[in-house]
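Everything below concerns the one structure shown next.
Within every chain, numbering begins at 1; the chains are lettered A, B, ... in the order of the sequence lines, protein sequences first and strands thereafter. Predicted, not measured: the structure shown is a model, and the values here were computed from it.
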There are 2 protein chains.
Amino acid sequence: MSEQPKYQQLAAALRREIDNGVYPPGARLPSESELSARFGASRNTVRNGLKLLVSEGLVTSSQGLGYDVRSHEVFELNASRFENLTFPQNGDSYTTDVTNAGRRPHQTLRVEMRPAPPDIAERLKVEAGSKTVLRFCHRYVDDVPWSTQATYYPGWLMERAPRLTEPGDIAEGTTRYLTGAGVEQVGYFDEIATRMPTPEEARLLEIGAGVPVLLWTRTGHSRDEPVRCTVTTLRGDLNRMNYEIGDLAALGGAE
Amino acid sequence: MSEQPKYQQLAAALRREIDNGVYPPGARLPSESELSARFGASRNTVRNGLKLLVSEGLVTSSQGLGYDVRSHEVFELNASRFENLTFPQNGDSYTTDVTNAGRRPHQTLRVEMRPAPPDIAERLKVEAGSKTVLRFCHRYVDDVPWSTQATYYPGWLMERAPRLTEPGDIAEGTTRYLTGAGVEQVGYFDEIATRMPTPEEARLLEIGAGVPVLLWTRTGHSRDEPVRCTVTTLRGDLNRMNYEIGDLAALGGAE
DNA sequence: TAGTGGTCTAGACCACCTC
DNA sequence: AGGTGGTCTAGACCACTAC
């Protein structure tokens, strides 16, 4: 008779109504008991259907309030430009980009000495477990948690760039500081992956159910060897990355 | 007393055991009734906890069998090289890449005339709803659904490159065909985003719960204007993208 | 205080897989 | 046949939000 389970029918019906604008972004869905009456299903079955929509990232739920249709706003992140070097300003490219977009950036920084995790060690071409410096940033835009960024520097860099270990910002930006110390990054290797957040990531980024993270791993190289590895964890619902490749003069956007 | 809900405690405990290798990738978890006994919880509560792990992409469930720890295998996709032009082979870069990796590629192609969707129209700099050619690929690796790829060409291209509308492969590759027709792509603009799959995408890619998709939108430009827009939808659990930027001679990998 | 979602239980029946 | 997960129900109590 029914072909599809009732909770999926319910989810499909609501999904269709959301798509058609019956419930536009930001709108509140009917309550569980109303839906229960409308679809002739028990409350648990209704909850099952709603949980589907939540896990698709279409709606959110808040205790005591109800279910809201999620509204999206994405921040565009240009990853193909070289960091700092092309910018006259002080500070890192994150602060620059966010400020340029008319938003208010905010970040907390933590510096630690850490043994190199295996994946990082491989990228930095050092022994797993060998000494590295970890600079960890937790970043906000207009007080919304936006991304975390963990940059690992190999232990041998410390002699040439001791300020990396100092807790606190490096005013001119770390890339520029390294360049000044004779360690210039002439190439990047970027890797991009996606997955659901770990509970820890969900906590730090205040991610609700149904929102994946974008993992951006950038390994910076001098002319001779890798000098740093940065893992940025971005909220998937708030961020989009882009790369410009080759000649884009016709776009007019490449200044 | 308990601080955390029982189903989250259960999920946390199993997550820890999975991380510690008690249940390695591919292993089967205890059945719902066993977990119910172990944690002193009703079956529904156990299911709630397991659903959490499923939605995190950590485990999968199959009716009649049980819960398995997911094992990951990722395909690396180099997006910063120019397509076709740098390869002496026939065919597209997908076929080339997959074959090089020692895997067996397979794809189905569909060609349609379609009014331009708004987001595509904007990127192609044509009117929304104007005529475009859509070439849609459904791609498999070793018979596992891997990605879908939708390429839109603006209507004005048809006069110069009529073979685009023919249903069926273009042996030398579309990029090379276009170059031969006097439409050379000299630059790409790539955008990368992530989200949970729509039900349609989940069906095509046979994606289980807890697996996001990676959306890769590439707009190819001639010296004067955009000539095509390709939207690739990749299974997030099977794919990772990378970009090489600047000079990576030290890597040794840049041939 | 009333309404909302969040957690939990106990039990029923079904669909799928293996033996 | 017996075990597994999938669906569904009915009802209980709690936590949060609004008024």
Side-chain angles (χ1 to χ4, degrees), chain A residues 1-14 18 23 26-70 199 202-203 206-211, chain B residues 1-14 18 23 26-70 199 202-203 206-211:
Chain A
M1 212 14 151
S2 56
E3 279 296 338
Q4 246 192 342
K6 207 185 277 188
Y7 78 99
Q8 289 181 24
Q9 295 178 24
L10 182 147
L14 290 177
I18 289 170
Y23 304 110
R28 171 135 319 154
L29 294 184
S31 71
E32 293 178 350
S33 55
E34 288 178 281
L35 292 171
S36 178
R38 169 177 165 196
F39 289 95
S42 79
R43 186 180 162 221
N44 276 331
T45 300
V46 170
R47 286 177 62 76
N48 241 321
L50 288 169
K51 186 176 267 187
L52 237 189
L53 298 182
V54 168
S55 76
E56 287 170 9
L58 254 186
V59 309
T60 60
S61 68
S62 4
Q63 197 172 50
L65 292 174
Y67 291 84
D68 291 326
V69 179
R70 197 176 243 135
R203 192 179 57 78
E206 290 174 24
I207 290 184
V211 177
Chain B
M1 214 9 148
S2 55
E3 282 293 339
Q4 245 191 343
K6 209 186 274 187
Y7 77 100
Q8 289 181 24
Q9 295 179 24
L10 181 148
L14 289 178
I18 289 171
Y23 303 110
R28 171 138 316 157
L29 294 184
S31 72
E32 292 179 351
S33 56
E34 287 177 281
L35 292 171
S36 178
R38 170 178 164 193
F39 289 95
S42 79
R43 187 180 162 222
N44 277 332
T45 300
V46 169
R47 286 177 61 77
N48 241 322
L50 288 168
K51 186 176 270 187
L52 237 189
L53 298 181
V54 169
S55 75
E56 287 171 9
L58 255 186
V59 309
T60 61
S61 69
S62 1
Q63 196 171 50
L65 293 174
Y67 291 85
D68 291 325
V69 180
R70 214 194 286 269
R203 194 180 56 77
E206 291 174 25
I207 290 185
V211 177

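Put simply, the side chain of B:Ile18 reaches to within 4.5 Å of the side chain of B:Val59, judged on heavy atoms.
Residue A:Leu53 comes nearest to A:Ala11 through the heavy atom pair CD2-O, 3.7 Å, listed as atom of the first residue, atom of the second, then distance. When all heavy atoms of B:Pro199 and A:Glu56 are compared, the pair lying nearest together is CG-OE2, 4.2 Å. Between B:Tyr7 and B:Thr45, the shortest heavy-atom contact is CB-O, 3.5 Å.
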Letter per nucleotide, 5' to 3', of nucleotides 3-8 of chain D [B base touched, S only sugar-phosphate touched, - untouched; heavy atoms, 4.0 Å]:
BBBBBB
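The salt bridge (Lys or Arg N to Asp or Glu O under 4.0 Å) search around A:Arg47 returns A:Glu32, not counting sequence neighbours.
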